[in-house]
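Below, read A as the first sequence line, B as the second, and so on, with proteins coming before strands; counting in each chain starts at 1.
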Amino acid sequence: MEIAKAYEPKTAENHYERWEKNGYFAPEINQDPDAPKFSIVIPPPNVTGSLHMGHALQHTIMDVLTRWKRMQGYRTLWLPGTDHAGISVQRKVVEQLKKIEHKAPLDIGREEFVRRAWKWKEEYGSTITEQMRREGASVDWSRERFTMDPDLSTAVRNVFCTLYEEGWIYRGLRIVNWCPKDKTVLSDLEVKEETRKDGKLYYLRYPVRSSPPHEGRVDAASADGVVLVVATTRPETMLGDTAVAVNPKDARYKDLIGKNVALPLTGREIPIIADEYVDAEFGTGAVKITPAHDPNDYLVGERHNLPQLLVMNDDGTMNAAAGAEFEGLDRFDARKKVVERFEELGLLEKIDDYEVSLPICERCKTIVEPILSEQWFVKMDEMRDIALDLTRTEGVPHFSPQVPHEKVYTTWLENLKDWTISRQLWWGHQIPAWYDDEGNVYVARTEAEAKAKSGGQEIKQDQDVLDTWFSSGLWAFSTFGWTGEVSGQQSAVSSHDASSELLTAHRSPLTDLDTFLPTDVLVTGRDIIFLWVSRMIMLTKKFAGKKAFEDVVVTGTVLGKDGKPMSKSRNNGVDPLEMFDKFGVDATRIYLASIATGADIEWNDVGVETYRNFANKIWNATRFCLMNSDGATVIADPTAETPRRGEISLADKWILSRLNRTANDVNKALTKYEFHTAVSLLYHFFWDDFCDWYIELKKDEINAGDAAASSFILSILEQALRLLHPFMPYLTEELWQKLPGTGVELHNAAYRNPVAIAPGSDMGGATIMLADFPKGDVAMIDERAELEMGSVIDLIRRVRNIRTEMNIKPSDKVSVHVAANADMQSILTANEAQILKLARADKLVVSETLDVPKASAKAVITNAEIAVPLEGLIDFDKERERLSNQINKLDVELQRLNGQLSNADFVSKAPAEKVEALRSRKAEIEQQTGTLKTNLEALQR
RNA sequence: GCCGUCUUAGCUCAGUGGUAGAGCACUCGCUUCACACGCGAUAGGUCGGAAGUUCAAAUCUUCUAGACGGCACCA
């Protein structure tokens with residue numbers, strides 16, 4: 001078979017369509033009724049999103065796991081879907097509306113706005129799912145879900161109502177995080193901190209009234225000259241002050257407690273109160289109290305029954321309560337103006353530079369305003385206990401890597417605060433609560449039910465929607481058909497597009513919820529462990545009565561080339577699609593899988609290039625194996641077949657041993673989610689063992705058209721392709737299809753019925769995707785063969801070293817003389833042809849002792865001495881230097897060994913095997929250096 | 001302020017008590033009939049610093065420097 005000289009990834013990246021069309025991604029492909037299941041739900045990407053490197057990393061890991069388990073015969077489901085991403089979509093639609101029609105949402109009304117949001121979703125929401133197809137993600141598209149699908153919305157409504165009925169959801173007036181740009185409340189987790197070095201601390205003078213307050217004397221001018229100085233970073237909030245607080249123990253202010261201050265600019269008088277909250281050491285020791293605009297002040301206000309005066313609108317401008325002078329001003333303009341007015345009045349004490357950290361909106365970076373507002377909350381006490389119980393009693397979820405996530409997660413749970421779940425948006429799940437004219441609330445599953453509860457009054461639904469994370473918190477079970485409907489059966493998966501009738505026939509009578517929950521593992525990033533993972537754990541346990549997942553794999557962050565997280569503002573992003581174009585999907589995938597689990601990494605193209613080269617290596621190795629392969633065929637299980645083939649060469653035993661060891665170790669590594677270990681094992685097995693040594697050793701046989709040798713090497717190759725498939729699906733499928741003898745019979749037993757597998761497609765539906773994943777047979781790990789092969793390799797390396805150091809032209813042949821014991825002699829003799837070829841020698845003389853001319857280059861390996869006669873070619877100075885170098889190297893090691901072995905403590909306390917190993921190594925070194933020294937001395941004369 | 005992570009060859013990174021590894025870059029040599037996206041041979045590190053535990057420390061403990069992350073506070 002003729003195949004291209006270099007691998008062109010694009011030529012292989014078209015297999016996806018066939019896989020998808022044939023239904024290979026659906027669990028129904030599995031024909032084994034007793035098959036264990038393996039399930040993963042995808043962290044639903046935002047419909048506004050397009051694929052970034054973080055997705056590519058997580059999807060790669062999920063796909064590796066899914067393909068690996070599928071090949072092992074598990075009933076495998078990786079469920080895809082997208083998240084409605086409340087604020088993000090809302091913002092996109094608002095922008096679009098403004099740009100195209102110059103309209104604001106209120107101009108078109110809620111209903112029309114939501115309609116357009118849906119339209120936007122239909123139009124752009126599939127960007128990311130199409131990109132996932134490019135990635136090769138083996139998700140079951142027939143089960144694709146969207147957080148606002150009807151069933152999922154029903155689930156949301158039922159969960160909300162149940163939590164309300166049980167008292168876990170409440171509505172209340174609290175200080176919340178308000179984003180004036182998005183005009184919605186945010187949960188604590190959606191607010192980030194930003195440190196500003198150019199902040200200011202303003203010292204404001206509040207005139208103190210000497211006499212007790214009474215009506216009509218409220219102007220600053222009428223005060224008696226005593227002032228109380230307060231410090232603030234947000235002067236504009238003074239317009240909402242309703243008290244000044246000092247520490248009760250603070251001697252400076254003792255006499256002022258109970259008096260009033262005339263609050264400048266407002267014409268109001270407010271009391272001076274004493275509260276432990278105040279730190280006498282900070283600022284002036286006197287704190288202005290603004291209960292409606294600061295969480296701590298709110299608490300002080302509660303204790304002292306202070307009025308709560310809201311002075312801002314929802315867009316961050318000042319409202320009427322701030323006074324006519326300030327009404328309508330933006331909060332930062334108001335700040336300037338307040339300071340100016342204080343200065344005019346002689347009430348500005350000073351302004352200090354002060355480093356502040358500001359709360360900012362995670363998405364739009366606007367400074368968040370703490371503001372008093374009535375919102376819906378989830379009480380987290382019982383929720384937290386659900387999660388803590390799971391970790392304490394079952395150790396679930398188990399995080400990989402365990403450090404630091406397990407501790408961070410439990411610490412976070414222990415300090416959990418209530419969750420603000422209402423959002424002032426139109427796009428999302430509208431809160432199922434209705435109000436009558438008097439403001440009484442009726443929470444119900446339907447409007448009719450609410451109306452009934454209200455006694456038939458006119459009612460109006462709450463205008464807010466739920467936090468996006470509320471619906472994604474149900475993702476682990478709502479996606480499997482849980483709706484929370486009590487009467488109806490859990491609706492099984494509706495067949496969106498039944499891939500084929502055959503597949504439907506294999507559908508289990510059990511519901512997906514029965515079959516796939518708990519899921520096996522969740523793969524996600526650090527940033528949403530609290531936002532999403534924790535809530536899914538709690539809500540799944542509460543509502544589905546099961547664990548959401550056993551394990552959580554936390555991926556690291558792919559950083560830009562500057563070592564900072566990729567972001568649009570830094571312009572340091574790397575587009576996965578560009579990498580796919582440049583190096584191929586497979587190279588990008590296996591590079592991402594080669595990153596240590598959970599570790600951050602600075603992106604470098606060179607890493608991907610390494611695996612692009614690896615892909616090409618695999619391509620060309622296959623190309624070689626296919627040359628002269630007439631009459632050869634892949635053996636389904638070379639490991640099992642081999643003993644029947646009788647006499648088997650050292651190289652064959654060795655490669656079988658290496659293959660089985662690698663397969664065994666790869667399975668172990670994947671079980672532990674150590675993807676990078678698996679990649680490294682496969683890379684070195686394929687490149688070093690298979691290409692550099694095995695192919696080279698077998699080259700003559702293959703080139704001579706030895707069909708048995710061809711069949712065998714093709715079979716080893718085929719096993720390697722299977723091992724590589726989860727990482728490099730396209731390349732391995734492309735090559736597998738080209739191998740002689742590959743077909744359905746190589747499938748895992750669960751997929752072997754050819755009738756059920758894509759009848760009529762090429763190769764009768766055979767695919768490496770469904771081939772049996774090699775387990776690795778420990779019985780085939782042959783330590784002796786590996787040791788013997790090691791000797792052959794060492795010998796060849798030493799001769800090559802001599803050739804290079806002595807400047808022997810590659811085309812010149814040499815003679816190789818070896819003195820060794822009988823065992824070694826027979827090993828070397830048996831592999832004479834290979835040694836001659838790889839050492840570029842024309843003669844191999846093996847005997848008890850060396851009989852060579854003085855003009856020979858010498859070297860030692862374990863249990864053997866090597867000589868290469870170089871009549872007329874030898875450079876004695878060079879040879880002396882070469883021998884000295886070898887002696888020196890061994891000497892360094894010998895020194896250390898002597899150091900250890902002369903330490904009585906080591907000899908008595910270290911394990912006996914360890915001591916013995918060192919002793920025998922020492923003996924070997926002494927023997928080898930002895931030989932080398934003798935040779936060196938011989939050259940001195 | 002509390003909790004935590006990282007610091008290993010020029011670069012990007014593996015390596016959780018027992019002779020320091022990879023890829024790339026570097027040096028030298030190769031039109032060797034699968035592959036120059038290649039082959040062969042070298043060179044390169046007192047594992048951030050200090051102290052300790054141990055027969056033995058890149059690996060465990062403490063301290064310390066630098067980078068970073070989470071949480072809390074921030075008048």
Side-chain angles (χ1 to χ4, degrees), chain A residues 3 5-7 188 193 199 201-204 230-234 237 244-245 277-279 282-290 294 296-297 354-359 401 403-405 407-408 411-412 415 526-527 529-530 557 561 563-564 583 587 591 594-596 598-607 609-627 676-677 679-680 683-684 691-692 695-696 699 702-703 797 800-805 807-811 837-838 840 885 892-893 896-897 900 903-911 914-915 917-918 921:
Chain A
I3 69 174
K5 193 170 171 180
Y7 173 51
D188 294 347
E193 295 288 320
L201 189 58
Y202 303 86
Y203 289 77
L204 307 180
V230 298
T232 180
T233 55
R234 295 189 294 152
T237 61
V244 175
Y277 153 70
V278 180
D279 175 4
F282 188 90
T284 62
V287 186
K288 57 188 276 311
I289 299 297
T290 324
D294 182 279
N296 288 306
D297 292 6
Y354 185 67
E355 187 180 306
V356 287
S357 70
L358 299 169
V403 177
H405 301 109
K407 192 175 167 190
V408 171
T411 307
W412 179 78
N415 300 295
R526 275 192 285 272
D527 49 339
I529 292 179
F530 303 148
T557 310
K561 288 165 188 160
K564 302 221 167 84
F583 300 112
Y591 168 65
S594 78
I595 300 166
D600 290 353
I601 192 162
E602 283 181 37
W603 182 267
N604 62 330
D605 282 10
V606 174
E609 200 178 339
T610 298
Y611 290 100
R612 189 273 314 260
N613 295 349
F614 182 47
N616 190 56
K617 189 75 178 175
I618 297 167
W619 178 270
N620 275 291
T622 306
R623 189 163 164 252
F624 171 79
C625 292
L626 286 171
M627 293 170 82
H676 63 298
T677 307
V679 169
S680 171
Y683 184 92
H684 292 292
C691 292
D692 286 353
I695 286 184
E696 295 303 331
K699 217 162 212 175
I702 304 293
N703 283 340
R797 287 212 163 114
R800 281 173 173 174
N801 173 260
I802 289 169
R803 295 186 60 107
T804 303
E805 298 278 328
N807 294 317
I808 312 282
K809 277 190 283 186
S811 51
K837 181 174 170 65
L838 299 189
R840 301 193 150 260
N885 279 344
V892 171
E893 196 183 338
R896 204 194 45 249
L897 289 175
Q900 279 184 272
N903 180 340
D905 283 332
F906 172 75
V907 177
S908 61
K909 290 183 183 173
K914 195 60 71 183
V915 178
L918 258 55
R921 176 65 185 150

- Message: Over all strands shown, is A/I695 touching base, sugar-phosphate only, or nothing at heavy-atom distances under 4.0 angstrom?
- Response: base

- Item | Secondary-structure string, 5' to 3', Watson-Crick or G-U under 3.5 Å, | for another-strand partners, for RNA chain B | ((((((((.[[[[.)..(..]]]]..((((.......))))......[[[[[..)....]]]]])))))))....

- A/D905 side chain: which of B/C74, B/C55, B/C37 is closest? B/C55

- Could you state the interatomic distance from OH (A/Y7) to CZ (A/R612), rounded to the nearest 0.5 Å? 11.5 Å

- Message: At less than 4.0 Å, is any side-chain N or O atom of A/Y611 found next to OP1 or OP2 of B/C24? Yes or no.
- Response: no

- Contact under 4.0 Å: A/K914 side-chain N or O vs B/G18 OP1/OP2: no

- Whole Å only: how far is the CZ atom of A/R623 from the P atom of B/A36? 9 Å

Each nucleotide N or O in nucleotides 58-61 of chain B that has a protein N or O under 3.5 Å away: list the pair and distance.
none

- Between B/A41 and B/C55, how far apart are the C1' atoms? Round to whole Å, please. 39 Å

- Message: By the 4.0 Å heavy-atom rule, please label A/C691 as base, sugar-phosphate, or nothing.
- Response: base

- For the side chain of A/P404, starting at C-beta, report the closest nucleotide among B/C24, B/C35, B/G4. B/G4

- Nearest 0.5 Å please: distance from the CZ atom of A/R803 over to the CZ atom of A/R840. 6.5 Å

- Roughly how far apart, to the nearest Å, are B/A51 and B/G40 at atom P? 44 Å

- Note on the structure: Side-chain contact check for A/F530: nearest option of B/G70, B/U42, B/U5 is B/G70

- Under the side-chain contact (heavy atoms from CB on, under 4.5 Å) rule, what do A/H676 and A/S680 come out as? Steps first, then yes or no, please. CA-CA 6 Å; A/H676 63 298; A/S680 171; over 6 Å; no

- Task: Name the nucleic acid region contacted by A/T284, choosing base, sugar-phosphate or nothing; use a 4.0 angstrom heavy-atom cut-off, strictly under.
- Result: nothing

- What is the nucleic acid contact for A/V606, judged by heavy atoms within less than 4.0 Å: base, sugar-phosphate only, or nothing? sugar-phosphate

- CG-CD1 distance between A/N296 and A/I289, expressed to the nearest 0.5 angstrom: 8.5 Å

- Task: Classify the nucleic acid contact of A/A904 as base, sugar-phosphate or nothing, counting any heavy atom under 4.0 Å across all strands shown.
- Result: nothing

- Item | Pairwise P distance, B/G38 and B/A25 [rounded to whole Å] | 9 Å

- Task: Counting heavy atoms from C-beta on, name the nucleotide in B/C37, B/U32, B/G70 closest to the side chain of A/R840.
- Result: B/U32

- Message: Does a side-chain N or O of A/N620 approach OP1 or OP2 of B/G38 to a distance below 4.0 Å, or not?
- Response: no

- Note on the structure: Looking only at B/G70, B/C74, B/C24, the nucleotide nearest the A/Y277 side chain is B/C74

- Note on the structure: Separation between OG1 (A/T233) and CG (A/L201), nearest 0.5 Å, reads 7.0 Å

- Looking at the side chain of A/N296, which of B/C24, B/C73, B/A14 is the nearest nucleotide? B/C73

- Task: Output the distance between atom CZ (A/F906) and atom CD (A/Q900), rounded to the nearest 0.5 Å.
- Result: 5.0 Å

- Task: Looking at every strand, decide which applies to A/L918 at a 4.0 Å heavy-atom threshold: base, sugar-phosphate, or nothing.
- Result: nothing

- Message: Could you tell me how far apart A/N415 (CG) and B/G70 (P) are, to the nearest whole angstrom?
- Response: 17 Å

- Item | Integer angstrom distance from the C1' of B/C47 to that of B/A22 | 15 Å

- Message: Under 4.0 Å, heavy atoms only, any strand: does A/E893 hit a base, just the sugar-phosphate, or nothing?
- Response: base

- Integer angstrom distance from the P of B/G15 to that of B/C60: 12 Å

- Message: Suppose we call a contact any N or O donor and acceptor under 3.5 Å apart; does that hold for the side chain of A/R612 and the base of B/C37?
- Response: yes

- Item | Distance-minimising heavy-atom pair for A/Y591 and A/E602 | OH-O, 4.2 Å

- Looking just at side-chain N and O atoms, do A/Y611 and A/N616 make a donor-acceptor pair shorter than 3.5 Å? no

- Separation between the C1' atoms of B/C35 and B/G18, rounded to whole Å: 40 Å

- Item | Interatomic distance at P, B/U16 relative to B/C73, whole Å | 38 Å

- Nearest-Å distance once atom C1' is located in both B/A65 and B/U27: 36 Å

- Among B/U5, B/C37, B/G18, find the nucleotide with the atom closest to the side chain of A/A910. B/G18

- Task: Answer with base, sugar-phosphate or nothing: what part of the nucleic acid does A/K5 contact at a heavy-atom distance below 4.0 Å?
- Result: sugar-phosphate

- Task: Side chain of A/E696 only, please: which of B/A14, B/C35, B/C30 is the nearest?
- Result: B/C35

- Can you find an N or O donor on one side and an acceptor on the other, under 3.5 Å apart, linking the side chain of A/S357 with the base of B/C74? yes

- Message: Side-chain N or O of A/N807 versus OP1/OP2 of B/G29: is the shortest distance under 4.0 Å?
- Response: no

- Query: Could you state the CD-C1' distance from A/Q900 to B/G17, rounded to the nearest angstrom?
  - Reply: 12 Å

- Query: Which part of the nucleic acid, if any, lies within contact of A/V907, taking any heavy atom under 4.0 Å across all strands shown: a base, the sugar-phosphate backbone alone, or nothing?
  - Reply: nothing

- Query: Separation of A/N604 atom CG from B/A22 atom C1', in whole Å?
  - Reply: 13 Å

- Message: Distance check needed: B/C37 P versus A/F583 CZ, whole Å only.
- Response: 13 Å

- Task: In whole angstrom, give the distance that lies between atom CH2 of A/W603 and atom C1' of B/U12.
- Result: 12 Å

- Give a yes/no on whether any side-chain N or O of A/K617 is located under 4.0 angstrom from OP1 or OP2 of B/C39. yes

- Measure the CG-CD1 distance between A/N620 and A/I695 for me, rounded to the nearest 0.5 Å. 9.5 Å

- Query: Strictly under 6.0 Å, is that where the ring centroids of A/F614 and A/Y683 end up?
  - Reply: yes

- Task: Starting at atom CG of A/D692, determine the distance to atom C1' of B/C39, rounded to an integer number of angstrom.
- Result: 8 Å

- Could you tell me whether the side chain of A/E193 has a donor or acceptor atom within less than 3.5 Å of a complementary atom in the base of B/A72? no

- Message: Let's see if you can work this out: which of B/A34, B/C35, B/C55 has an atom nearest to the side-chain heavy atoms of A/F906?
- Response: B/C55

- B/G70 OP1/OP2 closer than 4.0 Å to side-chain N/O of A/H405: no

- Distance in angstrom units between A/K909 NZ and B/G18 C1', rounded: 16 Å

- Item | Residues A/R921 and A/E893 bridged, charged N to O under 4.0 Å | yes

- Item | Salt bridge A/D600-A/R526, side-chain N to carboxylate O under 4.0 Å | yes

- Query: Is it true that A/D297 and A/K288 make a salt bridge, defined as a side-chain N closer than 4.0 Å to a carboxylate O?
  - Reply: no

- What nucleotide among B/A34, B/A41, B/C35 has an atom nearest to a side-chain atom of A/T804? B/A41

